[in-house]
Number of protein chains: 2
Amino acid sequence: MHVDSLKKELKERKYRMTPQREQVLKVFIETNSEHLGAEEVYRYLLSKRINVSKATVYRTVDLLVELGFLRKLQFDEGVYRYELVDKDNKHSHFICNSCGKIYELKDELSPDKILKDYTDLLRAQGFEVNEFDVKFRGMCPKCSKKTRKDK
Amino acid sequence: MHVDSLKKELKERKYRMTPQREQVLKVFIETNSEHLGAEEVYRYLLSKRINVSKATVYRTVDLLVELGFLRKLQFDEGVYRYELVDKDNKHSHFICNSCGKIYELKDELSPDKILKDYTDLLRAQGFEVNEFDVKFRGMCPKCSKKTRKDK
DNA sequence: ATATATGCAAAACGTTTGCGGCCGC
DNA sequence: GCGGCCGCAAACGTTTTGCATATAT
């Protein structure tokens, strides 16, 4: 389970396991990693009567990024969002400008495999590529359908 | 010239041409669109003894985005940056984690053409794609070389 | 003449930090 | 017991806002 590997990873790096760290990680597991921001994680825990301070949530999501459990995302809103890292399930994002929903594009809908080829190209130019990400923007199927009806 | 088309575009949308708007646009032209943030635009103008208020700079870059002269960018730093839109020169970005420099990847180094194919794929699924962007991260040739020497 | 744009200062926003006390190891 | 972690509140940097004044049309 995810929580166990957190315990293990923390020990290896001489960090400590705490109830707060477990709870924050659990939020992402329970919510299916819905691209939450730190503030939202905090409120989610409050709503479940789990006592954590806001500062700890901010520190913890940072730590979880450092440990490789979370990925930090930005969608042009002035908020950092986070998602669970799942190495076997690389994906890119589609953000609907109408309803704001963020879609995860996986498998054949995700251009990740092809972008990997580009990292080789960049490497040949002296760039060391550690990561890359793609974002698409526009209108999602639902909103698109709605708009056409409205006319 | 860019400034003339600004004048034209403003008139069309019933906005007014002002010295401040001209000056802000000029900053991006003069600096070759170096991914400046609003704060930096403000300081640049101050340094040239051009009087504009910070609030106006913020309002103006927003307006220039709306009018299609600038593109709003984010590079994980808590600052919005802006670049001149140049439709004939689509590019993606490489951000060096070591020195922070942002490189523009153009032509054969930019995967934009291939990503366009993906927008067709998404369209077939009901998504309307208006825009997309790619970011690569890692170490740029300069820093990479330096690091190897340091060892 | 009118309404839009500006400047200023204050507020808002998400995030980070300093510090005393707590608690995992 | 030690050192890392926590909670609190204050500080931070960027961006937005309200309002009175100036100015483009």
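For the numbers below, each heavy atom of this structure counts, side chains included, while hydrogens, waters and symmetry mates do not.
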Item to complete: Write down the distance between CG (A/D62) and P (D/dC5), rounded to a whole number of angstrom.
Response: 13 Å
Response to the item:
Atom CD of B/E40 and atom C1' of D/dT15 are separated, to the nearest Å, by 15 Å
Worksheet item: Which parts of nucleotides 6-14 of chain C does protein reach within less than 4.0 Å, heavy atoms only, written one letter per nucleotide 5' to 3' as B for base, S for sugar-phosphate only and - for none?
Response: BBB-----S
Worksheet item: Taking the inter-plane angle between the rings of B/F28 and B/Y82 on a 0 to 90° scale, is it parallel (under 30°), tilted (30 to 60°) or perpendicular (over 60°)?
Response: perpendicular
Worksheet item: Once you round it to whole Å, what is the distance between C1' of D/dT16 and CG of B/L63?
Response: 16 Å
Worksheet entry | Separation of atom CG in A/L45 from atom P in D/dC6, rounded to whole Å | 13 Å
Worksheet entry | d(CG, A/L67; C1', D/dC5) in whole Å | 14 Å
Worksheet item: Could you state the CG-C1' distance from B/L36 to D/dT14, rounded to the nearest angstrom?
Response: 16 Å
Discussion item. Has B/T60 got a side-chain atom pairing as donor or acceptor with B/T56's backbone, closer than 3.5 angstrom?
Written reply: yes
Item to complete: May I ask you to decide if the ring planes of B/F132 and A/F136 are parallel, tilted or perpendicular, using 30° and 60° as cut-offs?
Response: tilted
Worksheet item: Can you tell me if B/E128 uses its side chain to pair, donor with acceptor, with the backbone of A/G138 under 3.5 Å?
Response: no
Worksheet item: Between B/E40 and B/G37, is there a donor-acceptor pair closer than 3.5 Å when you use the side chain of the first and the backbone of the second?
Response: yes
Worksheet item: Of B/K14 and A/M17, whose closest DNA chain C nucleotide lies nearer the 5' terminus?
Response: B/K14
Worksheet entry | Side-chain donor/acceptor of B/R16 to base of C/dT4, under 3.5 Å | yes
Fill in: Nucleotide D/dT14, atom P - distance to CG of B/D76 in whole Å
15 Å
Worksheet item: Under a single-linkage definition using a 4.5 Å side-chain heavy-atom cutoff for Ile, Leu, Val, Met, Phe, Trp and Tyr, are B/L63 and B/L84 assigned to the same hydrophobic cluster?
Response: yes
Practice prompt. Rounded off to whole Å, could you give me the CD-to-P distance for the A/Q23 and C/dG24 pair?
Written response: 13 Å
